[in-house]
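Counting from 1, the numbers follow the sequence of the chain as shown.
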Amino acid sequence: MKPDHIVFPPFIGDRMPRLEVHTTLGKRILPDDYAGRWFMLFSHPGDFTPVCTTEFVSFAKNQAAFQKLNCELIGLSIDTVYAHMKWIEWIQTQLGVSITFPIIADELGNVSRRLGMLPREGVKRTVRSVFFVDPNGYIRLILTYPDELGRNTSELLRALKGLQAADAHGVAMPANWPNNEIIGDQAIIPPANTVMKARERLEAAQAQKFSCFDWWFCYKDIPVRKKTDK
């Protein structure tokens, strides 16, 4: 049996644990300080590493796109705030890119350990974790990448847009949305869970209120989505 005091990392659908953190922009309390906004918390294995540097430059260049979607960025690694500051100074000087989002200094690993960002006990390098937290403080998506694979910023933006569209319209997003191989940029209506609802779905499809391949696979357009937001 596992000891009662073990605290397991949070998962999708859980509320983000309340954490007081020290960042390059001062103290932050998660998720409280971001109430009413989405935020993407991402960890990296270490400062002054090539793959992480390319990621930070990409995130910085796309920061306005995240903010347009009401989403803030927060970095993290098990480095001191001084290392973070020197690294972002190097990025500015050598690459001409300003890192203006906060980076959490987690030199003791307490935040990383609480969120499951450490691959094994005793390891002091965080994996490339990504947490999307919604405006109500709930974790909506978790991704984990290994050291050798940098993250795809376009995919992270796509995921954020998909989550927001799903919330706004009560739908689910197909693979590769908005460029799905079957239904294009349309969204999936949650399957009917009773015989009566299944019959109603097919009748509604016949009345051209939306489209169905069958009672369990119906889909519709979500007109508020702008083509330029893809």
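- Between H44 and F56, the two ring planes are perpendicular [angle over 60°; tilted spans 30° to 60°].
- Distance alone, capped at 3.5 Å, places no donor-acceptor pair between the N180 side chain and the N176 backbone.
- Side-chain atoms of H84 come within 3.5 Å of backbone atoms of I104 as a donor-acceptor pair (strictly under, hydrogens ignored).
- Using a 3.5 Å distance cut-off with no hydrogens or angles, the side chains of T153 and N62 do not pair a donor with an acceptor.
- In terms of modelled atom types and a separation under 3.5 Å, the side chain of S98 and the main chain of T100 share no donor-acceptor contact.
- Scored by the ring pair (Phe, Tyr, Trp, His ring centres under 6.0 Å) test, Y34 finds F39 as partners (sequence neighbours excluded).
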Full working for salt bridge (charged side-chain N to carboxylate O under 4.0 Å, His left out) between R140 and D134: CA-CA 7 Å; R140 301 295 300 280; D134 70 20; 3.4 Å; yes
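- With L115 as the fixed residue, the side-chain contact (heavy atoms from CB on, under 4.5 Å) test singles out one of S43, P9, P17, S129: P17.
- For an aromatic pair to be called close, the ring centres must be under 6.0 Å apart, and F59 with F42 satisfies this.
- Remark: side-chain polar atoms of N110 are not paired, donor with acceptor, to backbone N or O of R114 under 3.5 angstrom.
- Taking the six-membered ring where the residue is Trp, F132 and W38 present perpendicular rings, their angle passing 60° and hence far from 30°.
- For CZ of F217, the number of neighbouring non-hydrogen atoms (other residues, nucleotides, ligands) closer than 6.0 Å is greater than 12.
- Residue Q208 qualifies as open at atom CD: its count of foreign heavy atoms under 6.0 Å is 12 or below.
- I74 pairs with exactly one of I103, L30, V21 by the side-chain contact (heavy atoms from CB on, under 4.5 Å) rule, that one being L30.
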